[in-house]
Structure formats: C-alpha cells, structure tokens
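Got a structure for you, questions after.
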Amino acid sequence: MLNIRMLKAFSGDSFIISYNNGDGRNTNILIDGGIARTYRTLKKEIKDIEKRNEVIDLLILTHTDSDHIGGILKYFQDEDMNHHLIRKVLFNSASSLSKYFNTDIIKSRELTLSPLNSECSYREGKSLEDYLKKNNIWNDEIIKFKDKFLLSGAKLTILSPTIDTLKELNKNWELEENSDTECGGNNNDYNYTLEDLFKKTFCEDRSLANKSSIAFLFEYSDKNILMLGDAHALIIANSLKSMGYSTKNKLKLDCVKLSHHGSKFNTSEELLSILDCSRYLISTNKSNRPHKETLAKIINSQQRVSFYYNYEHPGLFNTEEKTFYNLYEYVTSNIALEE
C-alpha cells in the first residue's frame, strides 16, 4: 500500500508519501512543510510517525520559498521535538550553490534558526544548513536534473532544476515572499466556460525561485507519481522528453501533484500532452482556488479526470461541465494507491 497525505498547509505545500518496504514499517518521505502556520499540523504528523516507531526517511525541500519551508524551520526551532527522526535531507541551499559554482558564500542567504521560546537559546547552530551538516543528514551537494536516489525499493528521478537554472539562481538569489500572487484563480477566471479556457494561450511562470524548484518522478513497485513542487512546465516537459517520453510514448502516472497550487502559469498543454494520468493533486487554501484555466487544460488532455484537494473548494465546475466532461472532484487529505 502506498499513501499520499496532503496536509492542510494554508497557502503552502506539504506532502507525506508513505509505503511499506516489507520489514513491517513504513518508509516516509516528507516533501516541504508549508508556511509557518502549517507547523501545528506538521507537528502532529511527525509525532504520529514517532509513535509508530517510524522515522522520516527523507525530507525534500523543493525550494526555499516561505510557503514551502516555513513549517520546516519551525520544526527545527522547536527544541521539544525529536529532530533525529529525519534521516536524510535534499535541498539546494545558497551555500551549496556557492560551493558548487565556486563563488563567495553570502551568509545572509542562509536559513536562520532561532528558538521558538525566547527564554531558550538555540544550541545547535545559527542556520539550518549548520544544523543539518552537524547532524550528518545533509551532504551539501546540489540536487539537479538526472540525479537519482534509491530509498527502500523506490526510485526518485530529479526532473528539475537544471544546472543552468541553478547557475542563474546562484547569481540572482531570489526568495518569493508571497507565492500566492500568481497562483490563485480569481473570480474572472471562473466566469469563463471550459470551452473558452481551452483556447487560452499558455504563459510561463517568470519566478526564478519557482524555476529552481525540485521536481521528481517517484517510482515504487508499479506506481508512478509526479511531484512538481512549483517547477516550470517547460523544464519538466524538456526533462521528460530527454528521457524518451512524447505524445506517442506518454509517461503513465498514478497521480500528479500540480505545480504551484494549480497556477495557470505552471501547467502547459505541451507538458500535459506527454502525460497519461487521470488523478491530479492540488494544494491550495480555502480562500485561493486553483486557476480554472489549469483545470480546463487538464480536462482537455485526458478522457477522465479526478481532482484531489486538501481543502474543500465548492463550485469549481457546474453540473453540466461535470457530466459532459466526465470529471470528478474530491476533497481528501489521504490518497491510497493499492498494490
């Protein structure tokens, strides 16, 4: 059994992939930690993992935008938590980029840690990077396209970012303070019919932070999952094409975690044309809906579609659209993929 939990991360992203590796316990992969407010939910999930005598075998920080890393920083700032549950971390820090490209390290770019309780002093280090290195759970290497990682019978293939993107990020370090600005569907978007939105021309996300997001293909047993973080559609499409996928040889997937909360700037017709998938996961809060244009592109590319959310979003489609296009909506925090 393979399970994907979509945490209620407010305007952020936080996912846990769990699967049984045959020795009686689950392997757990945590992808991002949402905004700082997400930590209340994340803390409960981590404590539940500890109660089951399990660990977080892998933590992936797709990029260092506040809506992806805020809850993780809170976790490492909480001295009451068992930080040794995390066994390995993947992320591209400013210092790892500087080291790889042999440029000066700018300490102000590192992710600072401070105690949650002002009466306590944080003993383990001034930055997240210091802490992870001290505890030997991060090797300071960059994560890039074509990298592969094996974990308890599963394989993770990195699709984004590319070396060129990381080089650009190292020169122009960017943190997106408000990732909601171009990801939520507005009222005008939902006033259009699906037929109108089918005709809309795709316009790519311009954020360098999102462009540098880690995205990967997760393969376990006969299950394939695409986790896209906030990655750019063109990069993912080009990566998959270089791996031999095309409109005639589509990548068959059990589900796709849509990039950037379902933003219309991060899901293109080109990318969808090389995917064969009927289930799409969308992480976005109650006040921000995914762009209907994104949903329309997906509906137009597949024969049958199910959308899964971590919050309820009523009224995304009218009854006629649901019936005619054979699409389904779900509100769930747990997706089970049977063996």
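Because only heavy atoms are used, hydrogens play no part in the values below, and waters and symmetry mates are left out as well, while side chains stay in.
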Side chains of Asn28 and Ser18: do they bring a donor and an acceptor to under 3.5 Å?
yes
For residues Val305 and Ile299, report the shortest heavy-atom separation together with the two atoms involved.
CG2-CA, 4.1 Å
Would Lys200 and Lys264 count as a side chain to side chain contact (heavy atoms under 4.5 Å, CB included) here? Give the steps.
CA-CA 10 Å; Lys200 291 280 187 177; Lys264 65 181 179 181; over 6 Å; no
Ser263 and Asp205: CA distance, side-chain angles, deciding distance, side chain to side chain contact (heavy atoms under 4.5 Å, CB included) verdict:
CA-CA 9 Å; Ser263 169; Asp205 182 357; over 6 Å; no
Give a yes or no answer on whether the side chain of Thr323 reaches the backbone of Glu320 with a donor-acceptor pair at less than 3.5 Å.
no
Determine whether a donor-acceptor pair (N or O, by modelled atom type, separation under 3.5 Å) exists between the side chain of Asn224 and the backbone of Asp254.
no
Same cluster for Tyr280 and Ile274 if Ile/Leu/Val/Met/Phe/Trp/Tyr side chains link at under 4.5 Å?
yes
Backbone N/O of His261 and side chain of Thr284: donor-acceptor pair under 3.5 Å:
no
Would you call Ile158 and Phe216 a side-chain contact if the rule is heavy atoms closer than 4.5 Å?
yes
Between Lys43 and Tyr75 (side chain of the first, backbone of the second, donor and acceptor by atom type, cut-off under 3.5 Å), is there such a pair?
no
Looking at Glu50 and Lys47, is any side-chain nitrogen of the basic one under 4.0 Å from a carboxylate oxygen of the acidic one?
no
With a 4.5 Å limit on heavy-atom distance, are the side chains of Lys292 and Leu194 in contact?
yes
I need the minimum non-hydrogen distance between Ser127 and Glu110, along with the two atoms involved.
OG-OE1, 3.1 Å
Pairwise distance CG(Asn26) to CD1(Ile56) - rounded to 0.5 angstrom
12.5 Å
Thr62 and Asp32: side chain donor to acceptor below 3.5 Å
yes
Within the 4.5 Å heavy-atom criterion, are Ile214 and Pro161 side-chain neighbours or not?
yes
In the structure I gave you, are the side-chain heavy atoms of Leu169 and Phe101 within less than 4.5 Å of one another anywhere?
no
Glu195, CD: over 12 other non-hydrogen atoms inside 6.0 angstrom:
yes
Side chain to side chain, Ile298 and Leu327, heavy atoms closer than 4.5 Å
no
Can a donor-acceptor pair be found, under 3.5 Å and without considering hydrogens, that links the side chain of Asp65 to the backbone of Asp67?
no
Does a sphere of radius 6.0 Å around NZ in Lys133 hold more than 12 heavy atoms from other residues, nucleotides or ligands, not counting ones at 6.0 Å or beyond?
yes
Would you check if the side chain of Glu269 reaches a backbone N or O of Lys297 as a donor-acceptor pair within less than 3.5 Å?
no
How long is the gap from CG on Asn266 to CZ on Phe202, to the nearest 0.5 Å?
6.5 Å
Can Lys144 and Asp147 be said to form a side chain to side chain contact (heavy atoms under 4.5 Å, CB included), step by step?
CA-CA 6 Å; Lys144 61 191 184 303; Asp147 286 347; 3.1 Å; yes
Ser212 versus His63, closest heavy-atom pair with distance:
OG-CB, 4.4 Å
From the options Leu295, Thr294, Val256, select the one residue that forms a side chain to side chain contact (heavy atoms under 4.5 Å, CB included) with Thr267.
Thr294
How about Arg5: does its CZ atom have over 12 heavy atoms from other parts shown lying under 6.0 Å from it?
yes
So how far is it from Trp138 CH2 to Ile86 CD1, rounded to the nearest 0.5 Å?
14.0 Å
Decide whether Phe10 and Ile46 are clustered together by the hydrophobic rule: side chain heavy atoms of Ile, Leu, Val, Met, Phe, Trp, Tyr closer than 4.5 Å, transitively.
no
Check whether NZ of the Lys or CZ of the Arg Lys223 lies under 6.0 Å from the centre of the six-membered ring of Phe218 and within 45 degrees of that ring's axis.
no
Using a strict cut-off of less than 4.0 Å between a Lys/Arg side-chain nitrogen and an Asp/Glu carboxylate oxygen, indicate whether Glu270 and Lys241 qualify as a salt bridge.
yes
Hey, can you tell me if Tyr220 and Tyr19 have their rings parallel, tilted or perpendicular (30° and 60° cut-offs)?
tilted
Does Arg52, at its CZ atom, have more than 12 non-hydrogen atoms belonging to other residues, nucleotides or ligands within less than 6.0 Å?
yes
Would a distance-only check, ignoring hydrogens and angles, find a side-chain to backbone donor-acceptor pair under 3.5 Å from Asn135 to Ile137?
no
Between SG of Cys277 and CD1 of Ile225, what distance do you get to the nearest 0.5 Å?
9.5 Å
Check whether any side-chain heavy atom of Glu329 lies under 4.5 Å from a side-chain heavy atom of Tyr309, and answer yes or no.
yes
Asp230 side chain to His68 side chain, donor-acceptor N/O pair below 3.5 angstrom
yes
Are Ile60 and Ile35 linked, directly or through other ILVMFWY residues, by side chains that come within less than 4.5 angstrom of each other?
no
Proximity of Tyr131 and His83 rings by center, below 6.0 Å
yes
Would you check if Leu73 and Leu113 make a side-chain contact, meaning some heavy-atom pair closer than 4.5 Å?
yes
Rounded to the nearest 0.5 Å, what separates atom CG in Leu197 from atom CG in Asp189?
6.0 Å
For the rings on Phe15 and Tyr308, is their centre-to-centre separation under 6.0 Å?
no
Check whether Ser259 reaches the backbone of Ala231 with its side chain - one donor and one acceptor, N or O, closer than 3.5 Å.
yes
Could you go through His291 and Phe265, starting from their C-alpha distance and side-chain angles, then the distance that decides it, and tell me whether this counts as side chain to side chain contact (heavy atoms under 4.5 Å, CB included)?
CA-CA 9 Å; His291 279 121; Phe265 302 104; 4.3 Å; yes
Grab the two heavy atoms, one from Ser160 and one from Ile236, that are nearest each other, plus how far apart they are.
CB-CD1, 3.8 Å
Can you list every pair that meets side-chain hydrogen bond (donor to acceptor under 3.5 Å, both in side chains) and has a residue in residues 84-93, with sequence neighbours left out?
Ser93-Ser95, Ser93-Ser96
Going by distance alone, is a donor N or O of one side chain under 3.5 Å from an acceptor N or O of the other, for Tyr328 and Asn326?
yes
Side chains of Thr103 and Asn170: is there a donor and an acceptor less than 3.5 Å apart?
yes
Check whether any side-chain heavy atom of Ile31 lies under 4.5 Å from a side-chain heavy atom of Met227, and answer yes or no.
yes
Are Ile235 and Leu275 connected, step by step, through hydrophobic side chains (Ile, Leu, Val, Met, Phe, Trp, Tyr) whose heavy atoms are closer than 4.5 Å?
no
Which atom of Tyr311 lies closest to which atom of Val331, heavy atoms considered:
C-CG1, 3.9 Å
Nearest 0.5 angstrom please: Leu2 CG to Ser221 OG, how far?
9.0 Å
What about Leu253 and Leu228, same hydrophobic cluster or not, with Ile/Leu/Val/Met/Phe/Trp/Tyr joined at side-chain heavy-atom distances under 4.5 Å?
yes
Nearest heavy-atom pair of Lys74 and Ala36: which atoms, and what distance?
CE-CB, 3.8 Å
